[in-house]
Amino acid sequence: MRAVLRVDPPLLRDVFEHALRMAGIDVVGSPPDALALLLAIKERRADVVFLTAPDSGDSLKAPGICSHLLNEFPQLKIVMVSPDKYAITDVGVRTLHCDDLSVDSICASLVTLLAD
């Protein structure tokens, strides 16, 4: 599984990247902005992208870029990460929410969605 990370702050990104690599997920990029994110997903043929959830009342509400990403890359899975939970969104407006932020939980959810 190939992943691109757009997770802030940098310390969270570094910890998350290390945990993903330890779980066998190939982290192929960590772009600094939205344009570089689009290019990284396309050039590195990512299966999944990890994004930091925006600060708002609904901490896992997908930011505007998600609809663009899913239009451009329909096979892509998007994982929205907040400090205490995650949500995975894919084409077909399906979203899976989970309060277990462990890498094992994220991997199991991704494997299930990628198998569909």
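- Inter-residue side-chain proximity for Pro9 and Leu12 is flagged as met; some heavy-atom pair is nearer than 4.5 Å.
- In terms of hydrophobic clustering, with Ile, Leu, Val, Met, Phe, Trp and Tyr side chains grouped at heavy-atom distances under 4.5 Å, Leu39 and Val7 are assigned to different clusters.
- To the nearest 0.5 Å, atoms CG (Asn71) and CG (Leu76) are separated by 11.5 Å.
- Between Thr52 and Arg6, every side-chain heavy-atom pair lies at or beyond the 4.5 Å cut-off.
- With a 4.5 Å cut-off on side-chain heavy atoms, Ile41 and Glu72 do not count as touching.
- When Val49, Leu20, Leu37 are each tested for a side-chain contact (heavy atoms from CB on, under 4.5 Å) with Leu5, only one passes: Leu20.
- Using a cutoff of 4.0 Å between basic side-chain nitrogens and carboxylate oxygens, Arg21 and Glu17 are scored as salt-bridged.
- For the pair Asp47 and Arg45, the salt-bridge criterion is not met [side-chain N within less than 4.0 Å of a carboxylate O].
- Remark: Arg44 engages no residue in a salt bridge (Lys or Arg N to Asp or Glu O under 4.0 Å) (not counting sequence neighbours).
- Of all heavy-atom pairs spanning Gln75 and Ala46, the tightest one is NE2-O, 3.9 Å.
- The line from CD1 of Ile78 to CG of Leu51 is 6.5 Å long, rounded to the nearest 0.5 Å.
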